[in-house]
Structures are given as C-alpha cells and as structure tokens.
Amino acid sequence: MIPSFSGPKGMPILGSVPAMNKNRLPFLLQTRAQYGDVAHLRLLNRDVYLVSRPEWIHQILVEQADNFHKGITLKQIGKYTLGEGLLTSEGDFHKQQRKQMQPAFHHTRIAAYAQSMVDLTERMLTQINWHDGAVVDIDHEMMVLTQSIVAKTLFDADISAQADQIGDVISEGIRVSSANVFKDMLIGWLPTPYRRKRMEGTAKLDAVIYGFMEEWRRQGGQDKGDLLSMLLLARDVDGKPMPDKQIRDEALTLFIAGHETTANALAWTWYLLAQHPEMTNNLRAELNRVLGGRAPSLKDLPQLPYNEQVIKEVLRLYPPAWLITRLSVKPVQIGGYQFPAGAIYMVSPYVMHHDAKYFSDPEAFKPERWTQEFEKQLPRFAYFPFGGGPRICIGNSFAMMEAQLILATMAQRYDLTLLNNAPVQSEPLITLRPKTPIQMRLTAVGNTAPAIRQEADHPDLAASVPAVVQ
C-alpha cells in the first residue's frame, strides 16, 4: 500500500523549510499534534515523514536499520568537520570502525574512568572562580568540565590551558553549521566567508587531535588503556595500522560528541533544580544519607536512585539529540505501508518525550516519575535520549555515569540559584543547547538555606517550566 499521510503544505520548492527553520521545536510539536503519529511534509522538494509512533521508530532504527542511512543534512554538514567518523560513516565501514572502538566503552573500561570524572569535578570546585557567592555561567562551566573529562579519560590528555579556546571553536562551529543547514546543502561548497570560517575552526580542532597523537608517540606509543591508544595500536587483518586521518576523524567525533551532550544535560539539570527547591532537598538528603559528605564512586551509584531519576527526567525534557533523521536507501515496508527509496524520516526524541500519551503532565519536571514500574510499561521508543539500534550512542553508559557522578559531587558542595527569573529558552542546533548563558550564584552548602530562599525570591519560577518548549 502506498502511504498517503497528510501534513503541512509549505511553500513551492522550499516546502516547510522556512517554517521549520523559524522555530524548529514548536514546528515539530505542532505538526505531530495536528497530523498525528505520521505526518508527510516537503523539505527542498524531498518527501519527509515525521514519525511519532514507537513501533515504527523501532522499525526504522532497529529492525530495518540496514535499509537506512543517516539523514542527508547531518551527514553532509558533519563530513566537513568530522570526516568519516562514527557519526557520519555508513555500511560495513561503520560497523568495522564501531567494532574496533567498542572495547573502549565496555563496562570494565568505563569503571576505570569514574575516578577521573570525580577528580576533575573536584578540581573545578577548587578553582578561583568557584567560591561562596560567586556567579558562574553554568553552561560554560559544564562544557569546560566535560571537555576535560573526555580528554583525560579517552585521550589521556590535559587540555585545561586550552579549554576556553576549544569550547569557543566548537560552539561557533555548531551554531554556524546548524543555522545554515539548508544553505550548506545548496552552496556549501562555494568559497564563502562562512565556509572559510568553518575551515579555520576545523583546522584548530585538528591541531588539538593531532597534538594528542603526537604526544602519545613521543611518550613511546604504549597502551595507556584509553581510546586513543586503542586506535593508534589497531591493526586490520593485513596488519596495517589505521590511517592517521581516520584516527583523527574518530577521535574528533568522540571528543565533540562525548562532551557536548553531557554538558548540555548538566546545564539544564542545574537550571531545573534551581526552580524546584524541594527536589534539590530530596537529592541532597539522599546524598547525605549515602555519602555523608565524601566523594561519590561508581559503586555508590546503585544506592543513589533519585540522583539517577533527576538525570533521566532532564534527558526527557531536554534530550541533547532532539532530532534523528534517516534516509531510506531502498524501498521499505513499515506498518503495512510501502515507502519508496530516497524518502527522509525524522524521529524526534523531543516530540516523543513531550507526548502526554506516555508522560502525564509532560511539561513538568518530575524525577519521581522514573520508577521501575513506570519504565517497564513505557514503550521502548517513547523515551530514547541516546537513539537506538546499531547506531545507538556508543558512549551512552559513559555519559550516564559521568552525569550522575558530577551531579552527586557538585550537589554536596554548592547550591546554585538563578540570578533572575527569566526563562532560558532552548536552542535546537545539532544538540539542544541553552540559547543564552545560564547565570547562577554559588552558595556553599551549610552557609545558608538557599534552596528555600530561591522559592521566596522567585515565586514565579516554577511556573516557567513550560519554557522548555521554546
């Protein structure tokens, strides 16, 4: 049966490009609300299906994954910077590369990273800009911290002296590329100032990654138990090493993806906790009961269920990978319908995570919803912050452990309160970032009762939670 689904008509040739570019998240939510689980639209004269039905998403991402490639926009833009890394490569080559890199993310290897995550968080908390009464841009601080963690755990490198510069390059690259998605598809190859700026940023990132490689070789080329050692020591069936360019592509992909998503999730975590003092108090009570003021470790995490529930709920409201796209490389049958080759499928964790069918009061921040019973009855692809199938985020366990350890470490030391009650809008670029800096005041735990004071100073903050749908 040939599908005939309704959807927004859009403009000639451009289709729904202007409407989607103007306000991406509301556009997706409205399309889902108006046209149902499957909506048909046109983007630059291409057939696109917004799929919001869990069993269909499972078909696309898992059961028929070999029939789809990554969406053309991310793949095309990503290749400018990331080359043929895990995020952009396809087919047998992607499977081969993932197989080579998977051991770096096995549970035993990840467990060894936990101490570094806690140590680097504690180092941040002793820096000169972290003290009682100080004001910080928490989104920036989390970005610098997670960069340092990825550099140390995956590349055995200290980038503290370069962190601000690297962060600025990555942020600018993401912002410029995301704002010019469709322009890139049309004229991205032309020698424009935008393209020149993007190439300059890529060159700076190359210098960082190749610097990691050179330092590893200078130190004797030994296996340090990190991802970089694994890549540099890898040999194919003929005994040939992985080319430096390919190592660069894989390393840069994981360096960017490995810190960007977790940093955003943590920034949103502090933003939401600041608006819900009772939840901050619940979290700290659990931390005090289990840790008693000491630093957390990996073995403590099973005893900190509320800490984990907070992170899961943040990832529901603000999934870093807010949109996943796939391109069918052959005709496919989904749900009894026959779809042609060359169609594009959009599945949105953001849309699914805000669906009242699966989440009661979906705009509210409710960590307590994440009970074992609730998770058991939830359809598999009603909640998927890390994607799914053979292309599920390779570092999902790494990211969850990192976020929980950072939250447990910081929440014992400081209360973070918002400087004003203006809602912070989300900016759906490649990841779901805060659109403006989240400025927060630090109060050392034990000096005051800031969680209660927050409610008194900003009584209208709790009402601003629907701002996540910006």
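These numbers were taken from a predicted model, which means no experiment stands behind them. Computed over heavy atoms, backbone and side chain alike; hydrogens, waters and symmetry mates excluded.
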Hits for ring-ring contact (aromatic ring centres under 6.0 Å, His included) against F212, two or more places apart or cross-chain, chain-then-number order -> F155
Is a salt bridge present between R369 and D361, judged by a nitrogen-to-oxygen distance below 4.0 Å?
no
With a 4.5 Å cut-off on side-chain heavy atoms, are V310 and F365 touching?
yes
Can we say E84 and K245 salt-bridge, meaning some charged N sits less than 4.0 Å from an Asp/Glu carboxylate O?
no
Flag for Q309-E313: side-chain donor and acceptor within less than 3.5 Å:
no
List in chain and number order the residues that pass ring-ring contact (aromatic ring centres under 6.0 Å, His included) with W322, two or more places apart in sequence or in another chain; answer none if no residue qualifies.
none
If you measure from the Lys or Arg side-chain nitrogens to the Asp or Glu carboxylate oxygens, is any gap between D355 and R53 under 4.0 Å?
no
Donor on one side chain, acceptor on other, E260 and N264, under 3.5 Å
yes
Using ring-ring contact (aromatic ring centres under 6.0 Å, His included) as the criterion, list what pairs up with F255, not counting sequence neighbours.
H259
Hey, are R284 and D415 close enough for a salt bridge, meaning a charged N less than 4.0 Å from a carboxylate O?
yes
Testing the 3.5 Å rule here: is there a donor-acceptor pair between the side chains of W370 and E375?
no
Salt-bridge criterion met for R433 and D139 (N-O under 4.0 Å)
no
Hey, are N129 and E141 close enough side-chain-wise for a donor-acceptor pair under 3.5 Å?
yes
Just by modelled atom types, is the T121 backbone N or O under 3.5 Å from a matching donor or acceptor in the T409 side chain?
no
Could you verify whether a donor N or O on one side chain and an acceptor N or O on the other, from E308 and Q404, lie under 3.5 Å apart?
no
